[in-house]
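Below you'll find the structure, written out as structure tokens, and then a few comments.
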Amino acid sequence: MGNKDNNKNSGQHNKENKQNKNNGGTNEEKREEQAKQRDKEKHQDERIGETGQITLDENEAHHKIHLISIIGEIEGHDNLSSTSKTTKYEHILPQLAAIEDSKDIDGVLILLNTMGGDVEAGLAIAEMIASLSKPTVSLVLGGSHSIGVPIAVSTDYSYIVPTGTMVIHPVRLNGMVIGVQQTFDYFRQIQNRITGFVCTHCKISKSRLEELMMETGVLTKDVGTILVGSEAVEEGIICQVGGIQDAVAKLHDMVDKKIADTK
């Protein structure tokens with residue numbers, strides 16, 4: 001009788017030890033998972049702070065969407081002051097090349113809130129986005145002015161929020177200008193590069209775009225036109241009025257369609 005009770009107690013003791021071991025293993029796994037999550041969030045925060053970019057990969061569709069923000073002034077060959085919010089094209093161009101080469105990235109979302117900036121740098125970014133094989137969507141938030149217009153239309157589909165603005169104006173140059181015919185010919189060449197790109201990637205005609213650029217009744221101290229929200233859609237520059245939900249949903253649909261077409 002005593003042996004039977006001892007065996008029973010021993011079996012119960014072993015069962016409790018096994019249960020404690022399993023609980024210990026589960027708790028250890030939870031701690032490791034929490035540590036990994038903290039490291040991931042820290043890496044994401046650092047990446048956003050340094051480059052304004054992040055990969056969205058926690059959606060139900062299991063798509064990996066790379067988000068790029070174009071904010072402030074687009075910086076070209078000259079460094080702007082440390083107090084200016086800038087987008088550096090030497091950061092954006094390599095990232096776009098990496099996205100094109102990556103088998104993991106399914107699509108690209110471009111957020112724009114820019115005052116414009118360097119023409120060469122802006123056109124370089126726009127050309128890179130337009131030549132990507134991955135589905136792309138842009139969303140104009142506060143504004144996408146000047147050379148930000150070609151970037152906004154360079155994607156496969158574009159949105160603008162109802163209060164978003166776009167400033168359309170002719171090419172301007174700061175500093176001393178030599179007043180000879182060759183200078184004006186050079187300005188005209190730059191202008192044709194911009195209008196040619198914009199008209200190729202949206203529905204506005206070249207004549208209408210140039211008309212908006214030379215409007216004198218809108219801006220008080222300059223020439224050009226301010227388009228707000230639906231006005232940019234009505235002019236054929238932007239595809240649709242919408243917000244982040246619309247842009248993300250559209251991008252997921254485009255990714256699904258591309259996946260279906262490749263099967």
Side-chain angles (χ1 to χ4, degrees), residues 44 46-56 65-100 105 107-132 134-169 171-172 193-194 197-198 200-202 226-229 232-233 237-244 246-248 250-251 254:
Q44 287 180 343
E46 291 175 350
R47 191 177 184 189
I48 293 173
E50 292 176 1
T51 65
Q53 301 180 26
I54 189 174
T55 299
L56 311 176
I65 305 300
H66 193 87
L67 183 148
I68 297 176
S69 56
I70 309 292
I71 62 171
E73 188 168 355
I74 299 170
E75 191 176 77
H77 303 300
D78 296 323
N79 291 328
L80 298 175
S81 68
S82 59
T83 58
S84 299
K85 288 283 187 180
T86 63
T87 294
K88 299 179 183 296
Y89 81 111
E90 66 267 29
H91 292 171
I92 303 294
L93 299 187
Q95 186 61 64
L96 291 172
I99 289 170
E100 177 62 27
I105 301 299
V108 183
L109 176 63
I110 310 291
L111 300 183
L112 294 119
N113 188 8
T114 175
M115 60 184 292
D118 187 275
V119 171
E120 300 288 346
L123 280 178
I125 293 172
E127 289 283 11
M128 283 284 283
I129 295 172
S131 61
L132 288 174
K134 311 292 176 75
T136 55
V137 171
S138 64
L139 173 61
V140 176
L141 296 168
S144 186
H145 307 156
S146 189
I147 200 62
V149 176
I151 298 176
V153 305
S154 65
T155 54
D156 299 321
Y157 203 85
S158 57
Y159 287 90
I160 186 170
V161 295
T163 57
T165 59
M166 305 187 81
V167 175
I168 316 295
H169 67 75
V171 172
R172 294 173 296 190
R193 290 166 60 197
I194 296 172
F197 182 91
V198 172
T200 300
H201 292 86
C202 66
I226 300 175
L227 301 175
V228 181
V233 177
I237 297 175
I238 298 296
C239 299
Q240 187 177 334
V241 174
I244 186 65
D246 304 293
V248 171
K250 179 67 175 180
L251 191 51
M254 294 168 65

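Quick caveat, the model's predicted, so the values are computed rather than measured. Only heavy atoms go into these numbers, but all of them, side chains included; no hydrogens, no water, no symmetry mates.
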[atom1]-[atom2] distance between [X] and [Y], expressed to the nearest 0.5 angstrom:
X	Y	atom1	atom2	answer
Ile147	Ile125	CD1	CD1	9.5 Å
Ser138	Ile129	OG	CD1	8.0 Å
His66	Ile105	NE2	CD1	6.5 Å
Ile71	Leu141	CD1	CG	11.0 Å
Lys250	Leu109	NZ	CG	13.5 Å
Ser69	Leu111	OG	CG	6.5 Å

* **Sub-4.5 Å side-chain heavy-atom contact between Ile237 and Ile160** => no
* Do Ile168 and Val198 come close enough that some side-chain heavy atom pair is under 4.5 Å? -> no
Shortest non-hydrogen contact from [X] to [Y]?
X	Y	answer
Val233	Cys239	CG1-O, 3.7 Å
Pro150	Ile194	CG-CG2, 4.1 Å
Glu75	Ala121	O-CB, 3.7 Å
Ala97	Met128	N-CE, 3.9 Å
Val161	Gly243	CG1-CA, 4.3 Å
Gly117	Glu73	CA-CG, 3.9 Å

* Asked: Ile99 and Gln95: side chain to side chain contact (heavy atoms under 4.5 Å, CB included), yes or no, with the steps?
  -> CA-CA 6 Å; Ile99 289 170; Gln95 186 61 64; 3.9 Å; yes
* **Ile70 and its side-chain contact (heavy atoms from CB on, under 4.5 Å) partner, picked from Asn113, Ile110, Val140** => Ile110
* To do: Identify which one of Val137, Thr155, Asp246 satisfies the side-chain contact (heavy atoms from CB on, under 4.5 Å) criterion when paired with Leu251.
  =>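 Per the side-chain contact (heavy atoms from CB on, under 4.5 Å) rule, the option paired with Leu251 is Val137, out of Val137, Thr155, Asp246.
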* Please report the C-alpha distance between Ile238 and Ser158 in whole Å, then the side-chain angles of each, then the deciding distance to 0.1 Å, and finally whether the side chain to side chain contact (heavy atoms under 4.5 Å, CB included) criterion is met. => CA-CA 6 Å; Ile238 298 296; Ser158 57; 3.6 Å; yes
* **Results of side-chain hydrogen bond (donor to acceptor under 3.5 Å, both in side chains) for Asp156 - residues two or more places apart only** => Thr136
* **Pair Tyr89, Glu120: side-chain N/O donor-acceptor within cut-off below 3.5 Å** => no
* To do: Take Val248 and Ile65, measure what side chain to side chain contact (heavy atoms under 4.5 Å, CB included) needs, and give me the verdict at the end.
  => CA-CA 9 Å; Val248 171; Ile65 305 300; over 6 Å; no
* Asked: For His201, which residues count as a ring-ring contact (aromatic ring centres under 6.0 Å, His included) partner, sequence neighbours excluded?
  -> Phe197
* Going by the side-chain hydrogen bond (donor to acceptor under 3.5 Å, both in side chains) test, which pairs reach into residues 140-153, not counting sequence neighbours? -> His145-Thr165, Ser146-His169
